[in-house]
There are 2 protein chains.
Amino acid sequence: MADRGAADAMASGESLLFLTDEQLRRGIEAMFFACRGFTADPDRILRNHAYGRAHHRAVHFINRAPGTTVNNLLDILGVTKQSLNRVLRTLVDDGLVESHVGTRDRRERHLFLTGAGMALERELSDAQRNRMRAAYRNAGPEAVAGFRTVLEQMMDLDLRRHYQAAPEQTP
Amino acid sequence: MADRGAADAMASGESLLFLTDEQLRRGIEAMFFACRGFTADPDRILRNHAYGRAHHRAVHFINRAPGTTVNNLLDILGVTKQSLNRVLRTLVDDGLVESHVGTRDRRERHLFLTGAGMALERELSDAQRNRMRAAYRNAGPEAVAGFRTVLEQMMDLDLRRHYQAAPEQTP
DNA sequence: TTGGAAAGTCAACATGGCTGACATAAAAAG
DNA sequence: CTTTTTATGTCAGCCATGTTGACTTTCCAA
């Protein structure tokens, strides 16, 4: 009775109202461990390249929205420009990212991955995709749908306005 | 057609085999944002107490398994003892955690939350539980079941052996 | 009695957050 | 055409939290 489990929760709609603190705690811990497991592979790869998570995040979102501006990126990542700039500078110096002056607004810099940048992004996201795919496969289709639904609810409460960016000019 | 969405995935079992990179990328990003949203509330609370996430983690797992040893905690948290000790020392000094010499093995120290420690733990976990509950409620029971299933799959790949601890002596 | 495990500590260093101050270029407003 | 604002970049310094390496004390166990 202390733990009614997920199966019971699925059986009757009202059971959600009876979620015990213990059940919620399990969810919280699962998130904790999942977050860790989720960054484990990239972290290992990044160490080989002498980069950190900050670089991963930048590379990911530049790949996601090529041509995004620095301000866009700041907004998405939620860090200070000094913090981002430190990371961005090394990526540009190392030839993984290119920064192009905007045509419409010449103050803006539009960020793109170079070939090398795309290669790193691919390496990192392949690792995460594989992990994600494995989890999805073991969990089954219905579970995946539910997973995404809950995750989106958890995001909603904070952000998601950033969830699309406006690119410009392919170089 | 570019995005088949979660509903389609639920409809037919084989569709999992056709998970596109794009779908997986969305899952990855959802994890990223959800992890952030998940730590946002505690982070805010911790700042008021002049603590950081490291303190949160320690307090959480001591509350979870009262009487756990330092080595246990090191194993669960996956940090070095120097790192943990820095955090643990401030918690003990501030009277949130008590450290008791083991009876069976006097080399071991068993960790317990004090009243003040429990109060902080409560404050932190209340915030997370509320967020979790809100997400669960908006997502619905089936989604919650799936969410937990997938999360457990994602954990499995790395750890979970730590997922239970052996307490000793209540003070 | 001796080897090794559990814990604590010191020193030094890296990463990646933060703040504050300031510079430059360009757009926008007046 | 001046003035203000915006977007970006940069310097300097601080803080939290991770790391390695070396060393000590205590104590269990072979």
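Only a predicted model underlies this, so the values are computations on that prediction, with no experimental measurement involved. Chain letters run A, B, ... following the sequence lines, proteins first, then strands; residues in each count from 1.
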* Asked: At under 4.0 Å, does any side-chain N or O of A:Thr80 touch on OP1 or OP2 of C:dC18?
  -> yes
* To do: Hey, which sits more toward the 5' end of DNA chain D by its nearest nucleotide, B:Lys81 or B:Gly52?
  => B:Gly52
* Whole-Å gap separating C1' (D:dC27) and CZ (B:Arg104) -> 14 Å
* **Ionic contact status for A:Asp21 with A:Arg26, cut-off 4.0 Å** => no
* Structure fact -> Rounded to whole Å, the CG-P distance (B:Asp105 to D:dA29) equals 6 Å
* Asked: D:dT5 P sits how many Å from A:Glu108 CD, rounded?
  -> 19 Å
* To do: Output the single nucleotide from C:dG8, C:dA27, C:dG17 whose closest atom is nearest the side chain of B:Arg109.
  => C:dG8
* Using heavy atoms and a sub-4.0 Å distance, could you list which residues of residues 82-89 of chain B are near DNA chain D? By number, please. => B:Gln82, B:Ser83, B:Arg86
* How many Å lie between CG on B:Leu111 and C1' on C:dG8, as a whole number? -> 13 Å
* Let me know the distance between CZ of A:Arg36 and P of D:dT17, rounded to the nearest Å. => 16 Å
* Between atom CG in B:Leu73 and atom P in D:dG18, what is the gap in whole Å? -> 12 Å
* Centroid-centroid under 6.0 Å between A:Phe38 and A:Phe33 rings -> no
* To the nearest 0.5 angstrom, please state how far the CG atom of B:Asn63 sits from the CG atom of B:Leu111. => 12.5 Å
* To do: Show your working on side chain to side chain donor-acceptor pair (under 3.5 Å) between A:His49 and A:Glu123 and close with a plain yes or no.
  => CA-CA 11 Å; A:His49 294 260; A:Glu123 192 181 352; 3.2 Å; yes
* With a 3.5 Å cut-off and no angle check, do the side chains of A:His110 and A:Glu98 form a donor-acceptor pair? -> no
* **Length of the CG-C1' vector between B:Asp43 and D:dA16, whole Å** => 12 Å
* To do: Determine the contact category for A:Arg47: base if any of its heavy atoms lies under 4.0 Å from a base atom, sugar-phosphate if only primed atoms, P, OP1 or OP2 are that close, otherwise nothing.
  => nothing
* So does B:His55 get a side-chain nitrogen or oxygen closer than 4.0 Å to the phosphate oxygens (OP1/OP2) of D:dT17? -> yes
* N/O (side chain, A:Arg107) to phosphate O (OP1/OP2, D:dT6) under 4.0 Å -> no
* Any donor-acceptor pair under 3.5 Å from B:Arg131 side chain to B:Gly37 backbone -> yes
* Counting just side-chain N and O atoms, does A:Asn71 come under 4.0 Å of either OP1 or OP2 of D:dT8? -> yes
* Structure fact -> In whole angstroms, the gap separating C1' of C:dG8 from CG of B:Leu91 amounts to 16 Å
* Asked: Any side-chain donor-acceptor pair under 3.5 Å between B:His60 and A:Glu29?
  -> yes
* Structure fact -> The nucleotide from D:dG18, D:dG9, C:dA27 with an atom nearest the side chain of A:Arg106 is C:dA27
